[in-house]
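Each chain gets a letter, A, B and so on, in the order the sequences are listed, and its residues count up from 1. All values below come from the heavy atoms of this structure, side chains included, with hydrogens, waters and symmetry mates left out.
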Amino acid sequence: MVRTEQSKEDTLADAVAKIREKAGTGMLTDEEILVFACAEIARTYTYEEKGYLRR
Amino acid sequence: MTKPACPQKFLVVLPSNLGDVIMATPVLEGLKRKHKDSFVAFFVEEGFDAGLLTNPWCDSIIGFQRREIRNVLNTGRWRDGRSLLAEITERISLEQFDVILNLSQPNYISSLVPLFNGKTVVGQQYLREGNHCVGDDWSQYLYAIPFYRMGNNLHATDVYRRIAGVKSHRGGCTLTLSAEEKAWARGFLASRGIDPGDRIAVFQPGAALPSKCWPPEHFVSLGKLLAADGWNICVTGAPVEQEVAATIATRIGTRAVCAAGETSFRQSVALLSFGQACVTGDTAQMHASAALGVPTYAIFGPTNPVETGPYGDGHYVFSGHCPQMPCFKSECTSQECMKSIAPEIVFGCIQTGRGPDLPLCNVYRTSCKADGDFELSPCDPGMHRYFREEDVCLVRNIFDDRWNCLPGASADFAHSVAELGKWLEMVSDMCNALNRFESLRDPMDIRKFEQIRRSLSGFAGVGAFCTALLNIRLNSVPLLPPEHAAGRTLDACWKTHKQVGKAIS
């Protein structure tokens, strides 16, 4: 399947990569910061979720 | 000139974990006492709000559904997750908070903070320029602690209060229960054959990390000693801790009941409120017990009781013998430090209300000093200290103008001062390189600056703390506009140079 430009940008990783190119060269918008926050939250886990309590 | 309006609306940001939320409650009280008629809200992850419900100092709890949003983000429907997150940030933005007080350290919270649109932000925030920034001195202190823990003697609560700019008071942490919650606990105990007026010891054998758990057989031995002395024992815990809690209760005998897995956190705290003793590791239950004023016997292994011990007067902390402690490991194959804390030592403290004469482990008593700060005092002068007094003096002199406790010149102190003298010379060279760059724009000067900056990582002790502090400040310099970066970097270097210089002068 040939991926269109639109579908490329429709993953969180692609959206973040695009913003990373801008970070440090231009001021980020609320929307761009929100997408960054999404990427950070997608990676979060708590101790409990890591299974430390299941001994 | 008109006097600036007093901030009236505060948002404290600390989504997790439960223990941290309880440790931050004195900030709420401090804000309400300092700013009369102010509105104080708390941004917290759902589940961890259990430490705040019915808190008289908290006007509003703003729940954060992190797990739900995280799960949606990871299902391929990330735009739906983005919308859920946007709903929360817009809701907070509409509240128009005067001050956002970010006490949490994870980067994902820092990224959310600018979207809250507070007039002032204290603590870490992500800058629109594209980097994280820790702007205030006491938040920088908090971030620098892990780089040299022996230079810190402040409890997390006392650091939080300094970040918030609220005075110390002797009230401790706040955790309140409703009449219904107390009635439920009374009924639960009665249904298990325990008169709520009897002597009850609450055991919390589980902890977030396996390395923080006291061995179950030690809980059993302690329980048997207490039961023989007429105590009832209630073993609490989360559903995943039910098996081990039930085994402990069964092995202790008829005077022990297991409540683990049958209660919410609030219900286990309600049970705890009827206790005359709580034996626990470094857990949320420990902070809850201290907040309720229940005599707390906290078993510490990999973590540091100076930073996160049971806050308040008259609690006991036990720690074992291990050369690496506090190691902060989540798992440990030997658990030597925990195993070496004998149940008989803990029993002696519960029974007599004082430290043992000849303990085989470290025993400390907690108190709040006259200035309101938490203090962990070893029961014997020969016991392990979690900080070096002289290094604490040097570090505190960097941050606090009123802190002036330079001790007599011991060899160690003289060595630390000499090391900081070398550190200052290097930072001075960094400043000179930046100054030259500002006038000549020669990239060689930036390379020299970076080279010296890397060399600072060779410092140990207080020097390592100062290097961490400087790096936190340098990393916080806004990246844009680039022509201002060198000047701002220079400011950060000079500020740190001046403060460290003052500390050893």
Quick one: of A/Ala23, A/Gly26, A/Ala42, who has the most non-hydrogen atom pairs under 4.5 Å with chain B? A/Ala42
Taking every heavy atom of A/Leu28 against every heavy atom of B/Gly130, the minimum-distance pair comes out as CD1-CA, 4.4 Å
Can you measure from CD (B/Glu90) to CG (A/Asp30) and round to the nearest 0.5 angstrom? 9.0 Å
Calculate, to the nearest 0.5 Å, the distance between atoms OG1 and CG belonging to B/Thr89 and A/Leu34 respectively. 5.5 Å
Do you know which of B/Asn74, B/Asn107, B/Leu479, B/Ile69 has the most heavy-atom pairs under 4.5 Å to chain A? B/Asn74
Verify the neighbour count for atom CZ of B/Arg488: are there more than 12 heavy atoms of other residues, nucleotides or ligands below 6.0 Å? yes
Out of curiosity, B/Leu85 CG to A/Glu40 CD, how far, rounded to the nearest 0.5 Å? 11.5 Å
Got a donor-acceptor contact below 3.5 angstrom from the B/Arg82 side chain to the A/Cys38 backbone? no
Check each atom of B/Asn131 against the heavy atoms of chain A and say whether the ones under 4.5 Å are side chain, backbone, both or neither. neither
Nearest 0.5 Å please: distance from the CD atom of A/Glu31 over to the CG atom of B/Leu115. 9.5 Å
Shortest non-hydrogen contact from A/Ala37 to B/Leu112? CB-CD2, 3.7 Å
Output for pair (A/Ile41 CD1, B/Ser111 OG), nearest 0.5 Å, gives 8.0 Å
Euclidean distance, B/Arg66 CZ relative to A/Tyr45 OH, rounded to 0.5 Å: 9.5 Å
B/Trp78 (side chain) donor-acceptor with A/Asp10 (main chain) under 3.5 angstrom: yes
